[in-house]
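All figures in this text were calculated on a predicted structure; none of them were measured in a lab. Proteins get letters first, then strands, A, B, ... in listed order; numbering begins at 1 in each.
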Number of protein chains: 2
Amino acid sequence: MSSAESLERLDVALTPQQRFEEYLQSRGQRQTKPRKFLVENIFSQHSHFDADELIEKLPRKGQPDYVSPATVYRSLREFVDAGLLNSFQLDGRTVYELDYGYPEHDHLYCTRCRKLIEFRSEPLMEIRNNVAAEHGFRVTGHRLIVHGTCRDCTGSRRTKRKQDLV
Amino acid sequence: MSSAESLERLDVALTPQQRFEEYLQSRGQRQTKPRKFLVENIFSQHSHFDADELIEKLPRKGQPDYVSPATVYRSLREFVDAGLLNSFQLDGRTVYELDYGYPEHDHLYCTRCRKLIEFRSEPLMEIRNNVAAEHGFRVTGHRLIVHGTCRDCTGSRRTKRKQDLV
DNA sequence: CTCTGTGCAAACGGTTTGCAAGGGC
DNA sequence: GCCCTTGCAAACCGTTTGCACAGAG
């Protein structure tokens, strides 16, 4: 119900770093410099991003703490698996967002400025569950993206994209 | 509210073929054999499909009425543009479904058998619109996919996919 | 006859992977 | 020291595109 663009953090027992450490240990995997660096970097700000945007923000090849694209991709998948991040498809690329420590939510997507606005709706969940129940369907989750034009972009000229819903 | 797996057709003034013909004419494009063949083929059954599945169903190279993959891809985009088809992303591929003559709806997606179950929900639309209104967001549409296990697959063993929601 | 559409093959863009060297534990 | 992890480059996969010929109007 909030009109803020981003939702607030929840209280969680462990830091993302600790949680990832547990995940790694439980699978006999190792804590490495790239992995630590990436978790730290990603959780230092709340935003949506794709692999390419993340790579842009990181040190270039030759710089200290450089992480290769392959490792970034590999790590992102681990983070999703570990429950640190969430991912979904938008305009062909995979978009990631912080999951650990943040409440479940859906998105409004402004097709003009490409901004993602988060929202929570309890009634929405109820309806989802009711519909599923009617179909004898056991829900594990859902993905909802509402397309349109955000407040800031409304009023200026209309969007030109022809295929908003893909 | 129906528990059928597919929704019923609406009454529409023109056949898909006629509608596409109008679309082509309005843009100075031509009615060709491949395009006619594809529209006919696609609207001869109600189902979800991706480019590859469609290509599989069509005559192979060398056979009469062969249509090249490039043309299939090009045509699918035109059909979406013309309002004959709808498309969305699922598991990395672009899924198409009949749009013209069918009511707006959302999907339950069984991650076990990969079946897409259609449903309509008026309350869902209302909530969507309310949420959008609260954010000063002008809606053009939305995409909702509920992931889980369908009736037929429930009861047998659980799904093994690790990343249901991507 | 003109101009759009098609088939072919090459290109594309995001992501994944095989491999040999690097580095936790 | 063992084995997981990394970086590199090549492969991948679904989709798009440049081009020259075919065909609709």
Side-chain angles (χ1 to χ4, degrees), chain A residues 17 20-39 41 48-56 58-82 85 87-96 162-163 166, chain B residues 17 20-39 41 48-56 58-82 85 87-96 162-163 166:
Chain A
Q17 289 82 354
F20 190 50
E21 194 174 332
E22 279 197 349
Y23 167 85
L24 290 174
Q25 281 181 354
S26 74
R27 326 209 336 167
Q29 297 183 209
R30 292 164 188 178
Q31 277 196 269
T32 64
K33 200 136 141 262
R35 295 213 257 236
K36 272 185 256 182
F37 184 69
L38 289 175
V39 174
N41 197 297
H48 300 87
F49 62 93
D50 61 23
D52 219 52
E53 286 163 359
L54 175 56
I55 290 167
E56 292 286 288
L58 298 172
R60 315 273 165 213
K61 195 188 305 208
Q63 310 288 77
D65 290 321
Y66 169 71
V67 182
S68 73
T71 297
V72 171
Y73 277 103
R74 281 188 279 236
S75 300
L76 287 173
R77 274 192 296 166
E78 291 172 347
F79 297 162
V80 170
D81 215 51
L85 298 182
S87 72
F88 51 96
Q89 299 298 126
L90 196 58
D91 293 338
R93 73 227 160 99
T94 302
V95 176
Y96 298 87
K162 42 173 63 166
Q163 224 180 289
V166 179
Chain B
Q17 289 80 354
F20 189 50
E21 195 176 331
E22 279 196 349
Y23 167 86
L24 290 173
Q25 282 181 353
S26 75
R27 327 209 334 169
Q29 297 183 206
R30 293 167 187 175
Q31 277 196 268
T32 65
K33 199 135 141 266
R35 295 213 258 235
K36 271 185 257 184
F37 183 70
L38 289 174
V39 173
N41 197 296
H48 301 87
F49 61 93
D50 61 23
D52 220 51
E53 288 164 358
L54 176 56
I55 290 167
E56 292 287 287
L58 297 173
R60 316 272 166 214
K61 196 188 307 209
Q63 311 287 79
D65 290 322
Y66 169 72
V67 183
S68 72
T71 296
V72 170
Y73 277 104
R74 281 188 280 236
S75 300
L76 286 173
R77 275 191 295 165
E78 290 172 348
F79 297 161
V80 171
D81 215 52
L85 298 182
S87 73
F88 51 97
Q89 300 299 126
L90 196 58
D91 292 338
R93 73 228 160 97
T94 303
V95 175
Y96 297 87
K162 41 172 64 166
Q163 223 179 287
V166 179

Item to check | Spacing of Asp81(B) atom CG relative to dT16(D) atom C1', expressed in whole Å | outcome: 16 Å

Scan nucleotides 21-25 of chain D against the protein and return all N/O pairs shorter than 3.5 Å with their distances rounded to 0.1 Å.
unit_1	atom_1	unit_2	atom_2	d
dG23(D)	N2	Arg30(B)	NH1	2.5
dA24(D)	O3'	Gln31(B)	O	3.4
dA24(D)	N3	Arg30(B)	NH1	3.3

Checklist outcome for this item: Value for OG (Ser75(B)) from CG (Asp81(B)), rounded to nearest 0.5 Å, stands at 12.0 Å

Item to check | Atom pair distance, as rounded to whole Å: CG in Leu38(A) and C1' in dG7(D) | outcome: 14 Å

Item to check | Residues from residues 66-76 of chain A lying under 4.0 Å of DNA chain D - heavy atoms | outcome: Tyr66(A), Val67(A), Ser68(A), Ala70(A), Thr71(A), Arg74(A)

Checklist entry - With Thr71(A), which residues qualify under side-chain hydrogen bond (donor to acceptor under 3.5 Å, both in side chains), at least two apart? => result Ser68(A)

Checklist outcome for this item: Residues passing the salt bridge (Lys or Arg N to Asp or Glu O under 4.0 Å) test with Arg30(B), sequence neighbours excluded, are none

Item to check | Spatial distance of atom CG (Leu58(B)) from atom CG (Asp65(B)) [nearest 0.5 Å] | outcome: 9.5 Å

Checklist entry - Which residues pass the side-chain hydrogen bond (donor to acceptor under 3.5 Å, both in side chains) test with Glu78(B), sequence neighbours left out? => result Arg35(B)

Item to check | Derivation of the salt bridge (Lys or Arg N to Asp or Glu O under 4.0 Å) call for Lys36(B) and Glu21(B) | outcome: CA-CA 9 Å; Lys36(B) 271 185 257 184; Glu21(B) 195 176 331; over 6 Å; no

Next on the checklist: Let me spell it out: for each of Ala51(A) and Arg35(B), pick the nucleotide of DNA chain C with the closest heavy atom. Which residue's pick is nearer the 5' end?
Outcome noted: Arg35(B)

Checklist entry - Does anyone know the first and last nucleotide of DNA chain C in reach of chain B, 5' to 3', at under 4.0 angstrom to a heavy atom? => result dC3(C) to dC8(C)

Next on the checklist: I need the minimum non-hydrogen distance between Phe88(A) and His48(A), along with the two atoms involved.
Outcome noted: CZ-CD2, 4.3 Å

Next on the checklist: Using five base pairs at each end to define the local axes, how bent is the helix from dC1(C)-dG25(D) to dC25(C)-dG1(D), to the nearest 10°?
Outcome noted: 30°

Item to check | With sequence neighbours excluded, residues passing side-chain hydrogen bond (donor to acceptor under 3.5 Å, both in side chains) with Gln29(A) | outcome: Arg27(A)

Checklist outcome for this item: When every non-hydrogen atom of Leu54(B) is compared with those of Leu76(B), the smallest separation belongs to CD2-CD2, 4.0 Å

Checklist entry - Phe49(B): what forms a ring-ring contact (aromatic ring centres under 6.0 Å, His included) with it, not counting sequence neighbours? => result Tyr96(B)

Item to check | Set of residues satisfying ring-ring contact (aromatic ring centres under 6.0 Å, His included) with respect to Tyr23(A), sequence neighbours excluded | outcome: Phe20(A)

Next on the checklist: I'd like to check the salt bridge (Lys or Arg N to Asp or Glu O under 4.0 Å) partners of Glu22(B); sequence neighbours left out, ordered by chain and number.
Outcome noted: none

Checklist entry - How close or far is atom C1' of dC8(D) from atom CZ of Arg60(A), stated in whole angstroms? => result 18 Å

Item to check | ring-ring contact (aromatic ring centres under 6.0 Å, His included) partners of Tyr73(A), counting only residues at least two apart | outcome: none

Checklist outcome for this item: Between CG of Asp91(B) and C1' of dT15(D) the distance, given in whole Å, is 17 Å

